[in-house]
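The next block holds one structure in the form of structure tokens; read it before the comments.
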Amino acid sequence: MIDSFIKNYLNHPQIYDEMFLKSNNYRDHYQNFIKKFSKESLENLNKKEELARKLFMSQGITFTVYDSGEGIEKIFPFDIIPRIITASEWSFIEKGIKQRLKALNLFLKDVYSNQFILKDQIVPIHVIYSCPHFLREMHNVNVLHDIYIHIAGIDLIRDHDGTFYVLEDNLRTPSGVSYMLENREITKRLFPDLIPQCSVRSVTEYPAILYKNLMALSPRAVSNPTIVLLSPGMYNSAYYEHTTLARLMGVELVEGRDLVVKNQKVFMKTTTGLQQVDVIYRRVDDDYIDPLVFNPSSVLGVAGIMGAYRKGNVAIVNAVGNGVADDKAVYTYVPDMIRYYLNEEPILKNVPTYQLSNPEELEYVFANINKMVIKKTNGSGGYGMLMGHAASEQETEEYKLEILKDPRNFIAQPTISLSSAPCFINGQLAPRRIDLRPFALNGPEGISIVPGGLTRVALKEGSLVVNSSQGGGSKDTWVLTS
């Protein structure tokens, strides 16, 4: 059965394929999976794919695409073929992410206090002070346990030679972890025997680890602190995730109108009166969290919450002001941060990045724009990018004019040939490009990373854009035991 799949599998020689070697031999760590999987008939696989779609629909596993002002809920497309990572590869990834997070956390503490890294000219002052997410309101705020980054989603890609690169750091309100958890549950339903037979490590501990970390952050010495998940509400694109995580942790899901600040303490409105809140896992962006300090027209946040935060009466996860560390212009300097704060060489590489505020780099990028991916420094979701190799001449010229208005708002990177993995598409195995977002949890006892993450897939043939908002899907990520 599996041989008929391979026959038509177009494996590009310049692209690293996660399952196949160039000669259409399997990589060693896929052998066990292939042996079990090859017993499935095509009819059975089609049924499993249909079952997965129905399960996603019945459980409401969706995301919202905002298009021309309309919110359209869509099922998150799921591919039934897992992406498999070896124990040694995972060990390398884990060490690299922990190193990176330690440095980024130290950078946030420094940039909001003594600013040694700016005084020593490791990171240019103008890059920080021109960043819209550098919040002067956070200067000298005493952040509990000095942990700014409690939850991080670090996007990794692989180049043609199999080398892992960090594409970007998501340190504000990273999303996607609920899809990682649901993908595993769906895979258990589709292939109940495969996961134990292939010695796959579990990801289901994520909510328990997060809950334990949140409990440990309570500023009050009480045995049962009150923890809430603050959501912008049901119209947010990640609302499904908010409800899932609140349910799995057993904490209250609240919106801004459910909270009130009195005497610089945060309270939740309940049927029995006000209840003091100790820890807020917020999924509301900085701009909207407190209308008295940031956007005065916000109805999503809580008036006065920053006062309670500064006073140390409530913990906010992630810390306010983290956006300065995941700005794409600051990303360039993360390897320097690792050397500066930790006196270590970076384990995970950055993708080469050009700062378009630098006239020489701007000139080079414009001359080689057909080989570049250009992004807004504070963009997300795959919106507002220029894929140089795929853009028309008119699109390129229009984008250049946009860049020239404010070059600081853009960075450029050479087009990286993302690795591919086999996907089950129209009854055939076909290669599609992928990335990986592992989720790291940072608490008073250190950094934990559940073995896996969200593998996102560019389901359109030839596409390099994996974002769900741009037609991407996902697949289960298996990390093998040693």
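Positions are given from 1, in the same order as the sequence printed here.
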Nearest-0.5 Å distance, OH of residue Y179 to OG1 of residue T244: 8.0 Å

Main-chain N/O of T86 paired with E89 side-chain donor or acceptor, under 3.5 Å: yes

Ionic contact status for R83 with D476, cut-off 4.0 Å: no

Aromatic plane relationship, F92 with F164 - under 30° parallel, 30 to 60° tilted, over 60° perpendicular: tilted

Set of salt bridge (Lys or Arg N to Asp or Glu O under 4.0 Å) partners for K405, sequence neighbours left out: E402

N350 side-chain N/O to Y331 backbone N/O, donor-acceptor pair under 3.5 Å: yes

Q275 versus T226, side-chain donor and acceptor atoms under 3.5 Å: yes

E360 backbone acceptor or donor facing Y354 side chain under 3.5 Å: no

Any side-chain donor near an acceptor of the partner, H126 and R408, under 3.5 Å: no

Qualifying residues under side chain to side chain donor-acceptor pair (under 3.5 Å), relative to E255, sequence neighbours excluded: R257

cation_pi(R184, Y206) dist<6.0 Å, angle<=45: no

D79 side-chain N/O to S474 backbone N/O, donor-acceptor pair under 3.5 Å: no

Sole residue of I280, I227, I151 in side-chain contact (heavy atoms from CB on, under 4.5 Å) with L214: I227

Side chain R158, main chain G162, donor-acceptor under 3.5 Å: yes

Exercise: do E182 and Y240 side chains pair donor with acceptor under 3.5 Å: yes

Salt-bridge present (R172, D326; N to O < 4.0 Å): yes

T477 and T455: side chain donor to acceptor below 3.5 Å: yes

R432 side-chain N/O to L459 backbone N/O, donor-acceptor pair under 3.5 Å: yes

Flag for Y148-N318: side-chain donor and acceptor within less than 3.5 Å: no

Determine all donor-acceptor pairs shorter than 3.5 Å in which one atom belongs to a side chain in residues 291-298; sequence neighbours excluded.
unit_1: N295; atom_1: OD1; unit_2: S297; atom_2: N; d: 2.9
unit_1: N295; atom_1: OD1; unit_2: S297; atom_2: OG; d: 2.7
unit_1: S298; atom_1: OG; unit_2: Y288; atom_2: O; d: 2.7
unit_1: S298; atom_1: OG; unit_2: L300; atom_2: N; d: 3.2

Pair E241 + R283, salt bridge at N-O below 4.0 Å: yes

Donor-acceptor contact below 3.5 Å, side chain N263 vs main chain K265: no

N/O donor-acceptor pair under 3.5 Å between D110 side chain and F116 backbone: yes

